[in-house]
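The structure appears below as structure tokens.
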Amino acid sequence: MRITGTFLDEISHDIPHQNWGAKEWDTDFAHMKAMGIDTVILIRAGYRKFLAYPSNYLIEKHNCFRPPVDLVQLFLELSEKYGMVFYFGIYDSGKYWDTGDMTHEIEVNLHVIEEAFKIYGNSSAFGGWYLSLELSRKTKGAAESIARLGRFCKAVSNGLPVMISPWIDGKKSVLASSSQLVQAHAISIEEHEKEWNEIFDGIKNDIDIVAFQDGHVNYEELEDYLKVNKRLADKYGLTSWTNSESFDRDMPIKFLPIKFEKMLLKLEAAKRAGCEKAITFEFSHFMSPQSSYAQAYHLYNRYMEYFHKLSEAGR
């Protein structure tokens, strides 16, 4: 299974910023295209005070900083140039992470969604929405918030698809700021299935694509969880992708590019589970030949070599 989509991490709140301009982003899109990527997903339109586009609403009403560059416009232009579909990731005020209550994110994003589509909706590359409010368990107001925002995205954009990328509350589900690599208590596959059956039932009419993050459980467990996710997605008429993380959660340094063997294990598990598309978080930091991490270029080379050999072998 090959990676055909990537997130665009414009804010880099827990990953070092690479300080790229239009030239570097253009080069990166060319590398993505060469790898077979046809879909790019803005991870978020902003996080707390920092923004990816000069939102008059967020600047005036929420005292956000005005960005020097409109990255959303740049990403849309590059998506058009390289024939990619762009998904707009909504705003994250941080209040959900502070309080555990996702309903805080509804009102602000109703304005952001409407504003963003008014500004950028005419772009031929604007192909959908990403709800950046990540969830894992039945947290307060989560399903209701996701459903309402997804429904509004569809209403504003005449039905463009809406995507979420939840995580599995497994052994590796620890905060980036934590020095720990694993948590003491992880969800069982039975609990995971029960909770996500209820969540999917609550969002099934308002969400189209679910791309679970694949880095929070052990490699030998991943296929079983992905099969549960696929079975539930099929039950509720949702499209099942996999978010194959290209960074390593097994290292005490957070975060570095993943070992290619580990990525391959995860992609093969997703293929066996029947996932329909593989995307990654995220190409520019962890797989790009021009990343600030030298290991990323080597990961790109190993990936390209491996799938080139598969193509030559007719697989």
Side-chain angles (χ1 to χ4, degrees), residues 5-33 37-94 105 108-109 111-134 153 156-157 160 162-163 165 243 246-247 279-293 296:
T6 183
F7 284 97
L8 300 171
D9 182 23
E10 81 313 326
I11 299 297
S12 302
H13 85 95
D14 58 0
I15 304 169
H17 204 285
Q18 300 194 105
N19 292 304
W20 288 354
K23 180 181 178 182
E24 289 87 357
W25 277 113
D26 193 318
T27 301
D28 223 48
F29 270 68
H31 289 312
M32 294 177 201
K33 184 73 173 181
I37 287 174
D38 58 21
T39 306
V40 291
I41 306 121
L42 184 72
I43 190 70
R44 58 185 77 81
Y47 180 65
R48 298 189 189 265
K49 297 284 188 180
F50 289 94
L51 303 178
Y53 78 102
S55 164
N56 288 330
Y57 168 74
L58 290 172
I59 292 167
E60 294 172 6
K61 300 296 184 182
H62 293 269
N63 299 312
C64 291
F65 304 131
R66 182 176 295 276
V69 177
D70 186 340
L71 285 175
V72 173
Q73 183 63 42
L74 174 62
F75 292 156
L76 282 166
E77 290 171 359
L78 291 173
S79 297
E80 291 175 3
K81 177 178 178 178
Y82 290 99
M84 298 179 186
V85 178
F86 174 88
Y87 282 68
F88 181 90
I90 64 172
Y91 175 68
D92 185 344
S93 75
E105 306 294 340
V108 63
N109 271 299
H111 291 282
V112 168
I113 291 163
E114 188 170 37
E115 178 187 60
F117 197 71
K118 189 176 295 184
I119 298 171
Y120 306 110
N122 288 330
S123 169
S124 61
F126 197 117
W129 304 90
Y130 170 61
L131 304 186
S132 58
L133 309 173
E134 300 174 23
C153 285
V156 165
S157 63
L160 287 180
V162 180
M163 170 192 159
S165 186
N243 178 2
S246 41
F247 63 91
I279 61 175
T280 188
F281 185 89
E282 48 74 58
F283 178 87
S284 298
H285 278 96
F286 305 117
M287 291 194 76
S288 171
Q290 62 172 354
S291 168
S292 57
Y293 298 120

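Remember, predicted model here, so these are calculated numbers, not experimental data. Residue indices begin at 1 and follow the sequence shown.
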Residues Y47 and D14: side-chain donor-acceptor under 3.5 angstrom: no

Polar contact flag, side-chain donor to acceptor under 3.5 angstrom, Y91-H62: no

Centroid-centroid distance, F50 to F65, less than 6.0 Å: yes

Residues T6 and E282: side-chain donor-acceptor under 3.5 angstrom: no

Modelled atom types, side-chain donor and acceptor of E134 and S165, under 3.5 Å: no

From L8 atom CG to F86 atom CZ, the distance as rounded to the nearest 0.5 Å: 7.0 Å

Short side-chain donor-acceptor distance under 3.5 Å, Y82 and D38: no

D92 side chain reached by L133 side chain, heavy atoms, under 4.5 Å: yes

Side chains of T280 and F7 in contact at under 4.5 Å (non-hydrogen atoms): no

Beyond-backbone contact of W20 with T27, side-chain heavy atoms, under 4.5 angstrom: no

Sidechain-backbone polar pair: S132 side chain, I90 backbone, donor-acceptor under 3.5 Å: yes

Aromatic ring pairing W129/F117, orientation class (parallel under 30°, perpendicular over 60°, tilted between): tilted

Donor-acceptor pair, side chain of E77 and main chain of L74, under 3.5 angstrom: no

Ring centroid separation F75 to W25 under 6.0 Å: yes

Distance-minimising heavy-atom pair for P16 and Y293: CD-OH, 3.4 Å

pair Y87-L131: side-chain heavy atoms closer than 4.5 Å: no

Flag for S55-E115: side-chain donor and acceptor within less than 3.5 Å: yes

Between F126 and Y120, ring centroids under 6.0 Å: no

Heavy-atom side-chain contact between H31 and I37 under 4.5 Å: no

Under 3.5 Å: donor-acceptor pair, side chain of S291, backbone of M287: no

For K33 against G83, the heavy-atom pair lying closest together: NZ-O, 4.1 Å

Side chains of S284 and D28, donor plus acceptor under 3.5 Å: yes

